[in-house]
Number of protein chains: 2
Amino acid sequence: MATPLRIVEVDKLKTACSTCSLHELCLPAGLSANELKAMDRMIDIRRSLKRGDYVFRAGAALHALYAIRTGFMKSCVLHEDGREQVAGFHMMGDLIGMDAIGTGQHLCDAVVLEDSEVCEIPLKSLELLSREIPSLQQHFHRIMSREIARDYGVMLLLGSMRAEERLAVFLLNLSQRFAARGYSSTEFHLRMTREEIGSYLGLKLETVSRTLSQFQAQGLIAVQNKHLRILKIDSLRELVGQHGCRI
Amino acid sequence: MATPLRIVEVDKLKTACSTCSLHELCLPAGLSANELKAMDRMIDIRRSLKRGDYVFRAGAALHALYAIRTGFMKSCVLHEDGREQVAGFHMMGDLIGMDAIGTGQHLCDAVVLEDSEVCEIPLKSLELLSREIPSLQQHFHRIMSREIARDYGVMLLLGSMRAEERLAVFLLNLSQRFAARGYSSTEFHLRMTREEIGSYLGLKLETVSRTLSQFQAQGLIAVQNKHLRILKIDSLRELVGQHGCRI
DNA sequence: CCGCCGTTTTGATCTGGGTCAAAACGGCGG
DNA sequence: CCGCCGTTTTGACCCAGATCAAAACGGCGG
């Protein structure tokens, strides 16, 4: 919170979607070889970011959307009094910055939690290209829609789940996203602090800590500091299912 | 909750964006006369809906997006156990159904709270036309983005505001939306029950009722049943500002 | 016009999670 | 390798809002 945060450092590097291992997960998913080349021409800046950097800040003008190549970040909306509400955690393959298209101004900070690389996608170019490539257009719409769907899930969580359910949903979501990226679904590092988890889930850090300890005592997980292992994923699912949701 | 809900009744009526009084608020905002005519060809079904009807239901396949011509509705995601979480309230000029583009399936119910008319916008046609009309493409993107931005606001509300702040935000938001549609910003009918307000705000209906009574006792508003008058809008704004947010 | 049923209000009491406090941990810079 | 500072854990206590209960209201169908 009180750590000094550097303004983003720009390393202009040539990027190529066509050679990127994420291109089946990221924006160009499903494009032909030729279409990928067109994407390559559009995305020509890659930025390297260090922990604590901002990708963009609330209030700043929208320059581009950002596709995450590697790393981990959070986006958070800020209270006037300095408190923050984490609106999401983002990892490789995710596209961020879409909140700014409506007004031309970002409404949240995007803060790097683990050294990252992002590809800059100028909105104008994306619009231009998606007029020419229907499957890109469709995929972009799907990505925005999925963000809306995710947000509905978070509302459900914040609006009507108890602390244990929230934590279980959070862990299952991380697990599933790591799995989709080829990592272990049962063992991973939490890149964020208990306070950031709490902010995301509408809980205080003490409650997050206590609930994790409780899950550990119940044999559902093993945590030590940021290292987490899911031992009984089905029990976690049941925990959510009991008073859970259908999404 | 236990009221029997009819499956939507379809009245196929010819619609024309070019003659619709909402076209500066709705999807075709900013289009030329010729472009409006193209929109007219795309939207050829208008549906009349009665209180209690569903525009679409969670799990149903996406057929079209719906632009609200008149009326009022809520969208809600459902728990397995039957409880519901209201994700939003929608009124004329709003576009609903965008949550379904990602998966092709709706993930919430859209329930009519006040007799309504909606225009069906087939997604395929919208995609086709927005490839031809850049300003339509841009406006559609802005609308999706604004939905994301709205969702972030709701997360902030649910994640870190107290009951009074939540209610104040809710009333101010309704006020502002009615004003944008040419209605009074200080006097309007609440189309939803206390329970639905509570669900949206992550509160119980008793808390909503108590907090409204409290606002009334403080002279901030006058409520009788569903009729609401805002007496001191600035005091409401302050209430939010104190521990409030910057969006 | 009456009766019924869903909605709203208000009161009394309870509790999940917040708050305050302090100790233990752990990673990084020197 | 040590010391420091941010993070995490755990305990004790508190309170905003939930829950339970019941009365008042109001609109609609007969």
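Reminder, nothing fancy here: chain letters follow the sequence lines and each chain counts from 1.
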Supply the atom-to-atom distance B:Lys74 NZ to B:Met91 CE, rounded to the nearest 0.5 angstrom.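 Between atom NZ of B:Lys74 and atom CE of B:Met91 there are 15.5 Å.
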How long is the span from the CD atom in B:Glu165 to the CG atom in B:Leu172, to the nearest 0.5 Å?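 Those atoms lie 12.0 Å apart.
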Does a nitrogen or oxygen in the side chain of [X] sit under 4.0 Å from OP1 or OP2 of [N]?
X: B:Lys226; N: C:dT8; value: yes
X: B:Arg194; N: C:dT9; value: yes
X: A:Thr207; N: C:dG17; value: no
X: A:Ser213; N: D:dT10; value: yes

Taking [atom1] from [X] and [atom2] from [N], how many angstroms apart are they, rounded to a whole number?
X: B:Leu167; N: C:dT9; atom1: CG; atom2: P; result: 11 Å
X: A:Leu203; N: C:dT19; atom1: CG; atom2: P; result: 12 Å
X: A:Met161; N: D:dA18; atom1: CE; atom2: P; result: 17 Å
X: A:Glu164; N: C:dG17; atom1: CD; atom2: C1'; result: 11 Å
X: A:Glu195; N: D:dT9; atom1: CD; atom2: C1'; result: 15 Å
X: A:His227; N: D:dT7; atom1: NE2; atom2: P; result: 21 Å
X: B:Leu205; N: C:dT10; atom1: CG; atom2: P; result: 13 Å
X: B:Gln216; N: C:dT9; atom1: CD; atom2: P; result: 9 Å

By nearest atom, which of the nucleotides D:dT8, D:dA16, C:dT10 is closest to the B:Glu206 side chain?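 Within the option list, the nearest is C:dT10.
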Selected nucleotide, minimal atom distance to B:Lys204 side chain, candidates C:dT19, D:dA18, C:dT7: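 The listed nucleotide nearest to B:Lys204's side chain is D:dA18.
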Has the side chain of B:Ser145 got a donor or acceptor atom that lies under 3.5 Å from a matching backbone atom of A:Met98?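 Checked: pair present.
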Using a 4.5 Å cut-off on heavy atoms from C-beta on, say whether the side chain of B:Leu236 contacts that of B:Phe215.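 Answer yes - side chains close enough.
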Is there a side chain to side chain contact (heavy atoms under 4.5 Å, CB included) between A:Leu49 and A:Val55? Walk through the geometry before answering. CA-CA 8 Å; A:Leu49 301 158; A:Val55 186; 3.7 Å; yes
Before giving the answer on salt bridge (charged side-chain N to carboxylate O under 4.0 Å, His left out), spell out for B:Asp94 and B:Arg177 the whole-Å C-alpha distance, their side-chain angles and the decisive distance to 0.1 Å. CA-CA 10 Å; B:Asp94 289 346; B:Arg177 289 164 75 195; 3.0 Å; yes
For A:His189 and A:His227, take the angle between the two ring planes, folded into 0 to 90°, and tell me which bin it lands in: parallel under 30, tilted 30 to 60, perpendicular over 60.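 Judged by the thresholds at 30° and 60°, the geometry between A:His189 and A:His227 is perpendicular.
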Tell me, with the steps shown, if A:Leu113 and A:Arg51 meet side chain to side chain contact (heavy atoms under 4.5 Å, CB included). CA-CA 5 Å; A:Leu113 297 181; A:Arg51 175 172 172 75; 4.1 Å; yes
Under-4.0 Å salt bridge between B:Lys204 and B:Glu206: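 So B:Lys204 does not pair with B:Glu206 through a salt bridge.
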I want to confirm an ordering. Mapping A:Asn225 and A:Ala163 to their closest nucleotides on DNA chain C, which one lands closer to the 5' end?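 Checking each residue's closest nucleotide, the 5'-ward one belongs to A:Ala163.
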Using the 3.5 Å cut-off, write out each protein N or O paired with an N or O of nucleotides 12-14 of chain C and the distance between them.
{"from": "C:dA12", "atom 1": "N6", "to": "B:Arg210", "atom 2": "NH2", "distance (Å)": "3.3"}

Could you tell me whether A:Gly198 contacts a base, only the sugar-phosphate backbone, or nothing, with contacts defined as non-hydrogen atoms closer than 4.0 Å?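 Touches nothing.
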Please work out if B:Thr193 contacts a base, only the sugar-phosphate, or nothing of the nucleic acid, heavy-atom cut-off 4.0 Å.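 Sugar-phosphate contact only.
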Just how large is the angle between the end axes of the helix from C:dC1-D:dG30 to C:dG30-D:dC1, five pairs per end, to 10 degrees?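 The two end axes of the helix from C:dC1-D:dG30 to C:dG30-D:dC1 meet at 50°.
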Between B:Tyr183 and B:Phe188, is the ring centroid distance below 6.0 Å?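 Ring centres of B:Phe188 and B:Tyr183 not closer than 6.0 Å.
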